[in-house]
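First the proteins, then the strands, lettered A, B, ... as listed; each starts at 1. Here the structure is a predicted model, which means the values were calculated and not measured.
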Amino acid sequence: MTDFTEKVWQAVKKVPRGEVTTYGYIARKVGKPRAARAVGNALKRNLYRDMHLSKEVPCHRVVRTDGSLGGFARGTKEKLSLLKKEGIKIIDNRVDSKFIVN
DNA sequence: CTAATGACCATTA
DNA sequence: ATAATGGCCATTA
């Protein structure tokens, strides 16, 4: 477990239900404004290695800056249904910008 | 050590 | 609107 990865978790954990954020936002939050890509990588790997923690980290609430869903280890389909279940409005595979916190 | 790999992003065409 | 491009960066091979 690296320091960077740890920080990413902490940041993502704080995203409340019914709210969505972006990879770039998390990157800024952990003090590495240009590490958006690395954030995505970290989340993916964590899901495999630390499954017990993956339940505490709402990684499905992290999407791309343009509102498109981005990736998800179990498929974007699953990501979509999780978000809808939380009351997030999604139009044509894009999260309504109203729900995205920057 | 270097090279490759992405759950990314902004810009350009 | 989509597609290609170049940059970005932590992690892994």
- How would you label the contact of A:Tyr23 with the nucleic acid (heavy atoms, under 4.0 Å): base, sugar-phosphate, or nothing? base
- Message: If the condition is side-chain hydrogen bond (donor to acceptor under 3.5 Å, both in side chains), which residues does A:Thr5 pass it with, not counting sequence neighbours?
- Response: A:Thr2
- With sequence neighbours excluded, what pairs up with A:Lys32 under the side-chain hydrogen bond (donor to acceptor under 3.5 Å, both in side chains) test? none
- A:Glu78 meets the side-chain hydrogen bond (donor to acceptor under 3.5 Å, both in side chains) criterion, sequence neighbours left out, with none
- Look at all strands and tell whether A:Thr76 reaches a base, only sugar-phosphate, or nothing, counting heavy atoms closer than 4.0 Å. nothing
- Message: Strictly by side chain to side chain donor-acceptor pair (under 3.5 Å), give each pair with a member in residues 91-102 of chain A just once, sequence neighbours left out.
- Response: none
Dump the pairs, protein N or O against N or O of nucleotides 4-6 of chain B, anything under 3.5 Å, distances to one decimal.
| unit_1 | atom_1 | unit_2 | atom_2 | d |
| --- | --- | --- | --- | --- |
| B:dG6 | N7 | A:Arg37 | NH2 | 3.1 |
| B:dG6 | N2 | A:Asn41 | ND2 | 2.5 |
| B:dG6 | N3 | A:Asn41 | ND2 | 2.6 |

- Between C:dA10 and A:Lys32, is there an OP1 or OP2 to side-chain N/O distance shorter than 4.0 Å? yes
Every protein N/O lying under 3.5 Å from an N/O of nucleotides 1-3 of chain C:
none

- Contiguous Watson-Crick or G-U pair runs (3 or more, under 3.5 Å) in DNA chain C: B:2-6 with C:9-13, B:8-13 with C:2-7
- Co-members of A:Val15 in a cluster of I, L, V, M, F, W and Y side chains, linked at under 4.5 Å: none
- Message: By nearest atom, which of the nucleotides B:dA7, B:dC9, C:dC9 is closest to the A:Leu43 side chain?
- Response: B:dA7
- Of the nucleotides B:dC9, B:dA7, C:dC8, which one has an atom closest to the side chain of A:Cys59? B:dA7
- Can you tell me which residue pairs pass the salt bridge (Lys or Arg N to Asp or Glu O under 4.0 Å) test with a partner in residues 57-68 of chain A, sequence neighbours excluded? A:Arg61-A:Glu86
- Message: Holding to side chain to side chain contact (heavy atoms under 4.5 Å, CB included), I want the full list of residues that pass it with A:Lys14, two or more places apart in sequence or in another chain.
- Response: none
- Item | Set of residues satisfying salt bridge (charged side-chain N to carboxylate O under 4.0 Å, His left out) with respect to A:Lys7, sequence neighbours excluded | A:Asp3
